[in-house]
2 protein chains.
Amino acid sequence: MTAELWLTQLHENGYRLTDARRAVVETVEKSTRALTPVEVYDLARRKYRALGLVTVYRTLEKLEELHLIQRVHQPQGCQAFISAGQGHQHLLLCKNCGQVAFFDGDDLDALTRAIARKSGYQITEHWLQLFGLCADCRTQ
Amino acid sequence: MTAELWLTQLHENGYRLTDARRAVVETVEKSTRALTPVEVYDLARRKYRALGLVTVYRTLEKLEELHLIQRVHQPQGCQAFISAGQGHQHLLLCKNCGQVAFFDGDDLDALTRAIARKSGYQITEHWLQLFGLCADCRTQ
DNA sequence: CTGGTATTGAAAATCATTTTCAATTAGTAT
DNA sequence: ATACTAATTGAAAATGATTTTCAATACCAG
Ligand SMILES: [Mn+2]
Ligand SMILES: [Mn+2]
Ligand SMILES: [Zn+2]
Ligand SMILES: [Zn+2]
């Protein structure tokens, strides 16, 4: 998924393409760690100096709505966003540097069915997130 | 786990027992759904009218530090707290009424090892949360 | 091009949380 | 019981994050 594709998505959904949006999109799309609105602001302003923080918020909102980014929940806070994975995926976060990796292939069907039976709940969704140290942080 | 036990825990950790704390503890301990600070404030003020919202924040902070409560992350927000389960447990949340149930018995070892091998990460923790409809909300 | 409207950034407003502070009070030592 | 003292309190102010308002600007369909 490239920044151009995100811009196309925005355009196809009736949103205009502006320098502000391009700067935000390019910044968020290429990041391999979750960024807060202020972090996006600081980075994106290198591409487009006049950018306002309000526009960052507004653009992140639209990208989330189009499922191009997703909010990342962490013990330290839940304001950061990362480029969303393809299809059903989960996050693996480095507790040291914040690096984000995606994974899939989790099979929770058996567990889900067992819990549903015991609890009486009808289970429709799950959140799974792994934490640890990335290869780089592990060696250093 | 009863409210009395929580108060004992607080006392044993050097915290004084006050009417304000008793009201907060009794409110949070008996709730089966996650409560935000303001919700705790509103409910606890029925027991202790003079309670201040600041004290709710301060008490929740201490209860979290003693692992008696835990923060609940949800799509709508991450400011709510629920009584913490015993040992390693996970949450099952009703999307309709907010009812919280705990479960354990999840076995993610195989998955964790597979992801660790593929990704190069050293995995130390996991978050797992199930969402659905509780028995009550399912029938109604 | 041009016009209509979406988008912009600045400033103000709102909302959640934290800090400050003087008064009160729990718990211990007399 | 009483006195002492540090922890605790709630109100108010401060902070920080996010949202709203608004007049100026700029995208883009025609
Ligand atoms: Mn999954
Ligand atoms: Mn587990
Ligand atoms: Zn790392
Ligand atoms: Zn329910």
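Throughout, a chain's letter reflects where its sequence line sits, starting with A, and its residues are numbered from 1. Note: hydrogens, waters and symmetry copies are ignored here, and every other heavy atom, side chains too, is used.
Summarising the geometry, the separation between OH on A:Tyr41 and C1' on D:dG16 is reported as 15 Å, rounded to the nearest angstrom. Atom CG in A:Leu10 sits about 15 Å away from atom C1' in D:dC28, given to the nearest Å. For A:Tyr57 and D:dT21, the OH to P distance is 18 Å, given to the nearest whole Å. Atom pair B:Gln76:CD and D:dT18:P shows a separation of 17 Å (rounding to whole Å applied). When rounded to the nearest whole Å, the span between NZ of A:Lys62 and C1' of C:dA6 equals 9 Å. Atom CD in A:Glu61 sits roughly 15 Å away from atom C1' in C:dT8 (whole-Å rounding). In this structure, B:Arg58 atom CZ and C:dT18 atom P are separated by 11 Å, rounded to whole Å. Going from atom CG of B:Asp19 over to atom C1' of D:dT8 covers 12 Å, rounded to whole Å.
Regarding contacts with the backbone of D:dC27, every side-chain N or O of A:Arg21 stays at 4.0 angstrom or more from both OP1 and OP2. At least one side-chain nitrogen or oxygen of A:Thr18 sits closer than 4.0 Å to the OP1 or OP2 atom of C:dT8. At C:dG27, one or more side-chain N or O atoms of B:His11 fall inside 4.0 Å of OP1 or OP2 (strictly under the cut-off).
B:His90 contributes a side-chain N or O that, together with a main-chain N or O of B:Leu128, makes up a donor-acceptor pair within less than 3.5 Å. Between the side chain of B:Arg71 and the backbone N or O of A:Pro75 there is no donor-acceptor pair closer than 3.5 Å. Using modelled atom types, one side-chain atom of B:Thr36 and one backbone atom of B:Glu39 make a donor-acceptor pair closer than 3.5 Å. The backbone N or O of B:Gln86 sits less than 3.5 Å from a side-chain atom of B:Gln89, completing a donor-acceptor pair.
Residues A:Leu17 and B:Ala50 both approach DNA chain D. Their nearest nucleotides, taken by heavy-atom distance, put B:Ala50 toward the 5′ side. Both B:Tyr15 and A:Leu51 lie close to DNA chain C; mapped to their nearest nucleotides by heavy-atom distance, the more 5′-ward contact belongs to A:Leu51.
With a 4.5 Å cut-off on side-chain heavy atoms, B:Asp106 and B:His88 count as touching.
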Show, in sequence, the C-alpha distance, side-chain angles and deciding distance for A:Val40 and A:Val24, and conclude whether the side chain to side chain contact (heavy atoms under 4.5 Å, CB included) test is met. CA-CA 7 Å; A:Val40 172; A:Val24 170; 4.0 Å; yes
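A:Trp127 and A:His73 have tilted rings, their planes meeting at an angle from 30° to 60° on a 0 to 90° scale.
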What's touching nucleotides 2-5 of chain D from the protein side, N or O pairs under 3.5 Å?
none

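The side chain of B:Gln79 lies closest to C:dT17 when the candidates are D:dA11, C:dT17, C:dT7. Listed candidates were D:dT20, C:dT7, D:dA11. Nearest to the side chain of A:Val54 is D:dT20.
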